[in-house]
Amino acid sequence: MTAPVIQVQAPLLQLNGITKVLKGQEEPRTILSGVDLTVHPGQSVAILGRSGSGKSTLLSLIGLFDRADEGQYLLHGNDITKLPERKAAALRSAEFGFVFQRFFLLKHLTAAQNVAMALVNGQGWSSRRKRKQQVMEALDQVGIAHLAKSKPARLSGGEQQRVAIARALVRQPRVILADEPTGALDTETGNLVVEVLLGTTRQGCGLVLVTHDHDHARKMGRVLELRDGRFN
Amino acid sequence: MFSGKLRSALVIGGQGIRARKLRTFLSMVSLFLGVLAVVTVQAGAEIAERAMLTDVELQAGKDGTMMGYIPGEKGAPGIVEATLKGRTDAVAMISSKAIIGEPGVRPINEGGMPFEYANRGGDYSGPSVYCDAAGVCQEQKPQEKKPDGQAIEVSMVALTGDIRPFKPFRPVSGTWLDFATAPSLAPRIVLNEEAAKGLRQYRIPGEMMIDGATHHVTPQIVGVVEDGNVQPRVYLRLDELRTWMPAAAATSELDRFRGGGTGLEVYMQPGSHDLQQLLKAKLVGAGVDQNQVQFRVVNSKERMESELKIMRLIFLGMAFLVLLIGVAGILNVGLATVGERVEEFALRRAVGMSRMLLAGIVLAETLLTGLLTAALAIGAGAAGLQIALMMFGSRFPSLQGTTFPWEAGVAGVIAGLVAGVLGGLIPAIRAARIPIATVMRA
Ligand SMILES: Nc1ncnc2c1ncn2[C@@H]1O[C@H](COP(=O)(O)OP(=O)(O)OP(=O)(O)O)[C@@H](O)[C@H]1O
Ligand SMILES: [Mg+2]
């Protein structure tokens with residue numbers, strides 16, 4: 001199925017004046033106050049900022065883990081600011097791929113089963129054969145098809161993160177959201193992971209990368225810094 | 001769409017149980033005992049109820065039957081017989097004693113006792129006192145001692161018609177009395193199981209001496225029934241009984257039918273008030289004290305049922321306590337598991353699983369465990385019952401042929417389901433509440 005021309009030209013995602021207040025132990029704190037962000041297909045964006053500046057919070061709003069208190073969120077031009085949870089789950093499955101600082105692989109499952117987890121989530125169903133094919137393609141894309149049958153305990157950090165990236169890619173998402181994916185890796189392995197992520201943008205994926213590493217940030221199409229709850 | 005959810009749930013649930021085999025097993029153990037308790041109580045109560053209630057029907061008559069005790073004096077048996085002649089909605093039973101076997105000897109079970117208690121040890125030769133139904137007592141001369149011999153004493157029940165609509169005797173072998181034919185000169189009798197046992201066990205000659213009759217007859221045994229009585233009994237047609245008796249003596253001799261047996265009992269279908277009035281009028285007319293002619297509606301089964309119900313509730317209450325402990329066990333394990341799987345659950349939601357499906361999977365895992373446990377407990381209960389019957393069945397004849405009651409199976413499944421829901425719901429709700437952003441902050 002080819003996307004209509006109009007949708008290709010519309011921004012992948014567009015945030016206007018996003019505000020988020022989190023209720024801590026004491027009084028509520030405004031973490032984000034008026035964030036604007038637009039990402040087009042094939043674009044990559046790096047988000048820098050001090051620890052606690054709200055980078056992860058922003059990513060969790062983009063990825064529909066949570067909802068904004070104020071502002072507007074458009075995905076492919078559709079307003080999804082106040083989407084009910086059931087539909088949000090379907091969008092998380094179809095539109096987004098997530099990579100985190102910690103790899104979050106289930107230790108009782110093999111690499112292939114961990115990747116397949118994104119296919120076995122109640123959003124549609126494909127045959128075992130189809131699933132296996134999709135999983136192997138994703139593992140191949142990150143260069144570790146030969147490790148499909150290994151359990152996480154036998155994989156290096158870089159390999160584990162690549163399994164996690166394969167899990168994010170297996171449903172061929174439109175946007176990759178990565179929260180410090182290289183934080184737990186050495187420089188060389190980190191570079192490799194960033195290259196893998198950048199590779200997805202060449203196929204039209206949008207990429208939002210939260211990082212503390214300026215070298216990695218410079219490889220992105222755009223670099224934004226989050227400070228006092230907004231981009232300057 | 002639905003099948004995608006269901007299949008995903010099956011795959012994930014299967015992975016979850018396989019990854020935590022020991023834990024699943026342990027929560028099953030705690031639940032197993034609870035479900036087994038429920039199944040046992042249900043099965044026990046059901047079997048006890050069946051055994052007791054069927055016997056109570058055999059002994060006291062079906063609920064709703066109108067039943068009357070009539071003193072066997074002043075020609076009452078003759079009046080009753082004449083009144084009930086040709087009717088199928090009412091039957092009279094006249095009890096008396098008879099001795100089957102060698103003539104002129106002391107029977108093995110003197111007094112018509114069950115053979116289990118028949119030992120000819122106790123020689124009581126002091127004065128004996130006989131009291132009639134009205135409470136008037138008189139001393140009787142000690143009986144002359146007779147030599148021991150091959151004879152048994154039975155209570156002999158003469159019937160004016162088929163009693164089975166009122167007391168559903170179960171056939172054991174042979175046939176039941178046929179009331180449609182002309183009375184036979186060779187009298188036909190049906191034994192209860194205890195009488196049959198006595199005849200078989202002591203190899204008694206088939207001669208029968210009826211209390212009050214002057215000569216022996218050779219009865220023709222046509223069948224054996226289960227009548228719920230532990231004493232040996234024989235049943236026969238009243239009109240056939242009369243053909244053995246000297247014609248002149250018949251009425252007066254039947255008048256003597258009282259004392260040892262139940263005397264004269266009349267069973268009528270529900271609502272036969274007219275017949276009851278007629279009978280009473282005739283008896284009172286003949287000089288029977290009207291206070292001694294009493295009719296009542298049989299409700300033994302109902303009464304017993306309500307008593308059994310209370311017992312069952314008490315035991316069920318205890319069983320549910322045990323089940324509750326099992327539920328607490330499952331809940332404990334379930335909560336610990338959710339605590340351990342926080343990240344997995346957050347991750348599953350992050351990759352697109354809906355809150356409902358996640359809660360459903362957590363609930364289904366416990367529910368499946370509960371049902372599987374219930375199945376095992378029901379199987380164990382049924383197997384236990386078979387073993388118990390094999391070991392003790394011969395001691396309780398009324399339990400023979402008992403099968404595992406389906407009610408106990410249903411109770412077990414319900415207990416498993418309830419335990420699964422109770423033990424799985426809270427973990428499911430907890431799982432659904434885990435914020436997805438957990439995956440970013442861990
Ligand atoms: N559930 C929550 N309730 C209240 N406050 C929260 C919650 N989660 C995070 N915060 C606060 O929100 C602020 C932003 O957190 P966030 O995780 O977005 O920061 P970050 O920029 O990702 O930091 P880091 O670079 O260390 O990952 C922090 O001060 C944190 O204490
Ligand atoms: Mg963060």
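For the numbers below, each heavy atom of this structure counts, side chains included, while hydrogens, waters and symmetry mates do not. Everything quoted here is computed from the prediction, not taken from an experiment.
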Side chain to side chain, Met356(B) and Glu85(A), heavy atoms closer than 4.5 Å
no
Check whether any side-chain heavy atom of Arg348(B) sits under 4.5 Å from a side-chain heavy atom of Val120(A), and report yes or no.
no
Is the backbone of Ser354(B) close enough, under 3.5 Å, to the side chain of Arg86(A) for a donor and an acceptor to pair up by distance?
no
Strictly distance-based, threshold 3.5 Å: is any side-chain N or O of Ser8(B) a donor or acceptor partner for the main-chain N or O of Gly122(A)?
yes
How many angstroms lie between atom [atom1] of [X] and atom [atom2] of [Y], to the nearest 0.5 angstrom?
X: Gln123(A); Y: Met353(B); atom1: CD; atom2: CE; result: 9.0 Å
X: Leu347(B); Y: Phe98(A); atom1: CG; atom2: CZ; result: 10.0 Å
X: Arg20(B); Y: His108(A); atom1: CZ; atom2: NE2; result: 5.5 Å
X: Ser93(A); Y: Arg349(B); atom1: OG; atom2: CZ; result: 13.0 Å
X: Met117(A); Y: Glu344(B); atom1: CE; atom2: CD; result: 6.5 Å
X: Leu106(A); Y: Arg341(B); atom1: CG; atom2: CZ; result: 8.5 Å

So which part of [X] gets closer than 4.5 Å to some heavy atom of chain B, the side chain, the backbone, both or neither?
X: Arg171(A); value: neither
X: Gln101(A); value: neither
X: Asp66(A); value: neither
X: Ser126(A); value: neither

Proximal component of Leu357(B), with respect to chain A [non-hydrogen, under 4.5 Å]:
side chain
As an exercise: rank Leu119(A), Leu109(A), Leu91(A) by heavy-atom pairs under 4.5 Å with chain B and give me the winner.
Leu109(A)
If you count the non-hydrogen atoms of other residues, nucleotides and ligands that lie under 6.0 Å from [atom1] in [X], is the total more than 12?
X: Phe315(B); atom1: CZ; answer: no
X: Arg312(B); atom1: CZ; answer: yes
X: Ile426(B); atom1: CD1; answer: no
X: Met311(B); atom1: CE; answer: no
X: Asp186(A); atom1: CG; answer: yes
X: Gln172(A); atom1: CD; answer: no
X: Glu70(A); atom1: CD; answer: no

Among Ile436(B), Val351(B), Leu358(B), single out the residue with the greatest number of heavy-atom pairs under 4.5 Å to chain A.
Ile436(B)
Do you know which of Ala350(B), Ala19(B), Ala346(B) has the most heavy-atom pairs under 4.5 Å to chain A?
Ala350(B)
side-chain contact (heavy atoms from CB on, under 4.5 Å) between Val11(B) and Trp125(A), intermediate numbers included:
CA-CA 12 Å; Val11(B) 169; Trp125(A) 184 254; 3.9 Å; yes
